[in-house]
Amino acid sequence: MTRVENGIKVFSFDVDGTLVDQRFADAVWLRGIPEAYAAKKGLSFEQAFEFVKSEYDKIGEHSIEWYRIDYWLQKFGLEVTRDELFKRYKGKVKIYEDVRTVLEVLKEEGYELIMSSNAATEFVDFQTRPIRKFFSHAFSATSDFGEVKKSHNFYAQVCEILDVKPQAVVHIGDHWVFDFLNPREIGITAYFLDRYETVKIE
Ligand SMILES: [Mg+2]
């Protein structure tokens, strides 16, 4: 089916767990930051990890600060910068093997490609550099819209910016609610991507 026949104009992709795996983000949040805190306070890594983790949990994923690395670096009084941490764990960035081919094919067919992520823009940008050229936009719910999750309102705003109807958009992602149920609420065609086969089909 060609683009004209099916009415689809835009393919939207989630980032973490869809285009890239979680290792880089985990390394920054769960290794880099506790390590820096351990060094500053003269603690063991384990002690620092417990403390940092409990502070993350106190703020929680429903607060916008939770997603802002500069907030945490400042809160813990760390001298290490975001750029230094990103560079340190650059080797952990992994774009899934099937991604490039899919993007090439869709691009060649004439679709507009976008990223729709919950992660902060700096994380998205850093991890997707090698494939950035395929995308016209990279939207971050937290950085661009001040929302902590990709709600149907997030998707509605994206459609408005792109000047397309939800019916002309396909979204693919690995979170059942934020990538599947929420975009469908406004008429986007959504596909749930299960890279770990967490859903067992009998
Ligand atoms: Mg995801």
Side-chain angles (χ1 to χ4, degrees), residues 10-33 53 56-57 59-69 72 82 85-86 89-90 92-103 106 111-132 134-159 161-162 166 169-186 188-201:
V10 177
F11 273 80
S12 160
F13 292 87
D14 168 54
V15 176
D16 285 317
T18 300
L19 299 177
V20 304
D21 81 9
Q22 195 62 37
R23 268 181 283 179
F24 172 76
D26 283 352
V28 171
W29 292 110
L30 303 177
R31 177 146 293 275
I33 291 181
K53 187 78 177 29
Y56 289 163
D57 292 344
I59 294 287
E61 59 176 1
H62 297 291
S63 304
I64 199 83
E65 289 81 13
W66 195 75
Y67 300 86
R68 295 188 174 147
I69 188 164
W72 291 106
R82 177 175 88 197
L85 282 176
F86 279 15
Y89 297 111
K90 206 172 145 208
K92 299 272 183 200
V93 173
K94 188 188 165 236
I95 296 170
Y96 287 112
E97 274 174 24
D98 49 12
V99 166
R100 184 172 280 270
T101 315
V102 170
L103 299 179
L106 291 173
Y111 294 105
E112 180 173 1
L113 308 182
I114 64 166
M115 291 183 259
S116 302
S117 178
N118 206 36
T121 297
E122 55 264 25
F123 276 87
V124 172
D125 286 350
F126 191 79
Q127 294 183 87
T128 59
R129 267 183 208 163
I131 50 169
R132 188 62 179 84
F134 292 104
F135 298 93
S136 65
H137 295 81
F139 295 105
S140 157
T142 45
S143 302
D144 296 329
F145 303 115
E147 283 195 34
V148 292
K149 289 292 169 202
K150 291 184 289 188
S151 62
H152 64 266
N153 186 48
F154 163 81
Y155 290 103
Q157 290 183 78
V158 167
C159 289
I161 291 168
L162 298 176
V169 179
V170 171
H171 177 76
I172 298 109
D174 69 323
H175 194 288
W176 186 255
V177 177
F178 307 127
D179 293 309
F180 184 67
L181 298 182
N182 287 356
R184 283 166 68 100
E185 268 183 38
I186 62 158
I188 286 175
T189 302
Y191 293 104
F192 174 66
L193 176 66
D194 186 6
R195 288 203 182 273
Y196 305 101
E197 296 181 42
T198 49
V199 175
K200 294 271 174 276
I201 295 165

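Since we're looking at a predicted model, the values are computed, not measured. Just so you know, ligand 1 is whichever comes first in the structure, and atom 1 is the first atom listed for that ligand.
The atom name of the N/O/S atom in D16 closest to the Mg ion (ligand 1) is O. As for D14, its N/O/S atom nearest the Mg ion (ligand 1) is the one called OD2. Looking only at its N/O/S atoms, D174 has OD1 as the one nearest to the Mg ion (ligand 1).
Heavy-atom neighbours of H175 NE2 from other residues, nucleotides or ligands within 6.0 Å: above the threshold of 12. The 12-atom threshold is exceeded at OH of Y96, counting heavy atoms of other residues, nucleotides or ligands nearer than 6.0 Å. The environment of NZ in K90 is sparse: at most 12 heavy-atom neighbours from other residues, nucleotides or ligands sit within 6.0 Å.
The only member of D21, D98, D14 that meets salt bridge (charged side-chain N to carboxylate O under 4.0 Å, His left out) when paired with R195 is D98.
Taking 2.8 Å as the criterion, D179 does not count as a coordinating residue of the Mg ion (ligand 1), since none of its N, O or S atoms falls below it.
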